[in-house]
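Order of listing sets the numbers, starting from 1, for every ligand and every atom in it. Computed from a prediction, not measured in an experiment: that's the story for all the values here. For this chain, numbers begin at 1 and follow the sequence in order.
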Amino acid sequence: MTLRHFLRDDDLTPAEQREVLGLAMAFREDRHLRQPLSGPRAAAFITDKPTLRTQVSFATGIAELGGFPMIVDGNLAQIGKRESIADTTRVLTSMVSAIIWRTFGDDRIEEMARVSTVPVVNALTDGFHPCQILADLLTIAQHRGGVNALPGQVLTYVGDGANNMAASYLLGGATAGLHVRIAAPSTYQPDLVIVEKAAAIAATTGGSVLVSDNPAVAVAGADVVATDTWVSMGDEAQAAEREKPFIPFRLDADLLAHAKPDAIVLHCLPAYRGKEITADVIDGPQSVVFDEAENRLHAQKALLTWVLEQR
Ligand code: CP
């Protein structure tokens, strides 16, 4: 048995990701299918940043898995300031069966994982949002005939190519065998190291990776079109300077028309209508964003069940 953490999308192999997504599909059908936290055993959800979906879906999910969701306000805990990450982790692991952390630098959650004796799950860092991508893959599977239908789907993400969602689409999408296309302004392109890692994974799964600064070309023929805020948490001071370069990457009806007629639209939420996505698109018939939000619950329950059962 092995202690498994989920800090970034490529912490799951393609086979492991398929297993988790298959279990997530089963949790969609039966919310009380498995209870790996029965007792109840506690799982800690810590957040250093704002959240709605992530906190609610983890808290609900932990309860539905038979456990107790221990919500820790990062502003009170002040991890790394009031107490070291290592000492905090040692205290938590004496009491909880898993730690789920939304924080800033990836170095923080990596340090926690090095010390932890229980699974550590990334609930969003500056670098990655892997639980969101599991939910997005589940949403594509839900609308495309199941997990086996994922390989070969063309997913285009338009917007900030340098943010955590783009990095996670690259790694998680490539792991699922998707053709991942990122369309971003030339000054907001993904980290080359992540692009190369995603391309290496795609070479083993039949997927592919494309990075472009032309949104219409990238969206052409896509099965799935995704976007995200132009101003991620931590980038607020750059909000004004970020607006202009992103305007051509706004997901509106004209841009969506380049995709397949039955393409679905994803947005991890919260959305800023009139900025990265227009109201007619996010509220239109191709949008599945509220299925996507609900799928956070099912995907994370499957992930928690899977990591807990590896021990
Ligand atoms: N998509 C997402 O992570 O939502 P929250 O920031 O509300 O948790």
Run the numbers for me: atoms of ligand 1, each under 4.0 Å from some heavy atom of [X], listed by number.
X	value
C268	1 (N)
R296	1 (N), 2 (C), 3 (O)
H129	2 (C), 3 (O)

For atom 4 (O) of ligand 1, the protein heavy atom that lies nearest, with its residue and separation: R53 NE, 2.9 Å
Considering only protein heavy atoms, which is closest to atom 7 (O) of ligand 1, and at what distance to one decimal place?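 Closest protein heavy atom to atom 7 (O) of ligand 1: L52 N, 2.7 Å.
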Can you find a side-chain donor-acceptor pair between [X] and [Y] that sits under 3.5 Å?
X	Y	value
S57	Q300	yes
Y157	D228	no
W101	D48	yes
H267	T227	no
T139	D291	no
R250	T278	no

Of the backbone atoms (N, CA, C, O) and the side-chain heavy atoms from C-beta on, which set of Q55 has a member under 4.0 Å from an atom of ligand 1: side chain, backbone, both, or neither? neither
Is there a polar contact, in the sense of an N or O pair closer than 3.5 Å, between P270 and ligand 1? no
Do any heavy atoms of [X] fall under 4.0 Å from ligand 1?
X	answer
K49	no
R102	yes
L269	yes

Assess the pair Y188 and F249: is the distance between their ring centroids shorter than 6.0 Å?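 Distance test on ring centres: not under 6.0 Å, no.
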